[in-house]
Amino acid sequence: MSNLAKTMDTIADLHKSHGVKQKGGKLYTQVVHRMEAFRRIHGTDFGLDTEILVNDGKRVVVKAIITDKDNRKVGAGMAEEIRGQGMVNTTSALENAETSAIGRALASLGLAGGEYASANELDAVERKTQAMKEEPSKNVSPDEKAPQPLTKEDVKNLPPNNLKPRELTTEERREIHEKKLLDFDHWCQQKRTVQHLHAYFNAEKVTLDEIKQHNVDLYKKAVDIFTKHEANLERKTNG
């Protein structure tokens, strides 16, 4: 783990050259750059795995664990995201939470990139606070008057609700799927065993099914990515 000092220095340099300005003016080094530096210096000396703790349709909680060659846990981080809060969480809350958890796991090793957070967490407090405001209060005072149900007359006087969510265009949907393919390839590279790879593939089934429905060619690329990484892991295991 002596090389961690070198990694810290590398990320400190990245912080100056690739730092993203946050609200308030502070700089932050994104997870993707920290992860690239981590792998470039340490190779496969460390393993990184993620676990979904909660995924109930409303919120996603993910835990990331970093282990050494002896499978000892040396770093960990957790993150929570609220589905539908913000553009990213409308389609990719799970990926968002996973990236955030990995960022915090790296931070636990001293590779924080300026702040003990991840790039996707930069506006998380504001989003989550807004989500809590939109949730009905579960601690209503007994003295507080309960809202009265609408009468038939009230219903008649309601304005028509003709608002419908805008459908994504073919180009927009394909762009989202292409970005997800890049994420898919990136996270497949992080898996150390075939079992972990299979678990990740199964966790992404909903996303893969959506890609298959709208862009069959991209789905075939996703399967090719998975097959490539599966073969690499099997060669390492058997070699």
Q: For residues 214-224, pull every pair meeting side chain to side chain donor-acceptor pair (under 3.5 Å), keeping only residues two or more places apart or in separate chains.
A: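 The answer is Arg174-Asn215, Arg174-Asp217, His177-Asn215.
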
**Q.** Pair Arg83-Asn96, side-chain donor/acceptor within less than 3.5 Å
**A.**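 Distance-only check fails for Arg83 and Asn96.
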
Q | Exercise: do Arg39 and Gln189 side chains pair donor with acceptor under 3.5 Å | A |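 Distance-only check fails for Arg39 and Gln189.
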
Might you point out which heavy atoms bring [X] and [Y] nearest each other, and give the distance in Å?
X: His186; Y: Gln190; result: O-NE2, 3.1 Å
X: Leu218; Y: Leu181; result: O-CD1, 3.5 Å
X: Ser108; Y: Ala76; result: OG-N, 3.2 Å
X: Ala93; Y: Val60; result: CB-CG2, 4.2 Å
X: Arg34; Y: Leu111; result: NH1-O, 2.6 Å
X: Ala79; Y: Ala101; result: CB-N, 3.5 Å

As an exercise, state the distance from [atom1] of [X] to [atom2] of [Y], rounded to the nearest 0.5 Å.
X: Ile11; Y: Met35; atom1: CD1; atom2: CE; result: 10.0 Å
X: Asp183; Y: Thr99; atom1: CG; atom2: OG1; result: 6.5 Å
X: Arg72; Y: Ile66; atom1: CZ; atom2: CD1; result: 14.5 Å
X: Lys63; Y: Ile102; atom1: NZ; atom2: CD1; result: 14.0 Å
X: Thr50; Y: Glu95; atom1: OG1; atom2: CD; result: 11.0 Å
X: Ser92; Y: Glu98; atom1: OG; atom2: CD; result: 11.5 Å

Same cluster or not: are [X] and [Y] linked, directly or through other Ile, Leu, Val, Met, Phe, Trp or Tyr residues, by side-chain heavy atoms under 4.5 angstrom apart?
X: Val31; Y: Leu4; answer: yes
X: Met8; Y: Leu106; answer: yes
X: Phe184; Y: Leu233; answer: yes
X: Ile52; Y: Leu197; answer: no
X: Leu208; Y: Val194; answer: yes

Q: Please assess Asp49 against Lys191 for the test salt bridge (Lys or Arg N to Asp or Glu O under 4.0 Å), listing each intermediate value before the final yes or no.
A: CA-CA 7 Å; Asp49 196 22; Lys191 306 308 174 187; 3.8 Å; yes

Q) Where does the angle between the aromatic ring planes of Phe46 and His42 fall among parallel (under 30°), tilted (30 to 60°) and perpendicular (over 60°)? A) perpendicular

Is any side-chain heavy atom of [X] less than 4.5 Å from a side-chain heavy atom of [Y]?
X: Lys180; Y: Glu210; value: yes
X: Met78; Y: Val62; value: no
X: Ile65; Y: Thr67; value: yes
X: Thr10; Y: Phe38; value: no
X: Arg40; Y: Thr7; value: no

**Q.** Glu81 vs Leu94, side-chain contact (heavy atoms from CB on, under 4.5 Å): CA-CA, chis, key distance, verdict
**A.** CA-CA 8 Å; Glu81 291 296 339; Leu94 180 58; over 6 Å; no

**Q.** Side-chain donor/acceptor of Glu172 to backbone N/O of Thr169, under 3.5 Å
**A.**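 Yes.
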
Q. Is Lys58 salt-bridged to Asp56, going by a charged N under 4.0 Å from an acidic O?
A. no

Q: Might you confirm whether atom NZ of Lys73 has over 12 heavy atoms from other residues, nucleotides or ligands at distances under 6.0 Å?
A: no

Q.
Apply the hydrophobic cluster definition, ILVMFWY joined by side-chain contacts under 4.5 Å directly or through others, and give me every member besides Val206.
A.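 Listed partners: none, Val206 stands alone.
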
Q: Given salt bridge (Lys or Arg N to Asp or Glu O under 4.0 Å), test Glu80 with Arg59 step by step and report yes or no.
A: CA-CA 7 Å; Glu80 177 184 32; Arg59 65 190 186 106; 2.8 Å; yes

Q | Ring centres under 6.0 angstrom apart (Phe226, Tyr200) | A | no

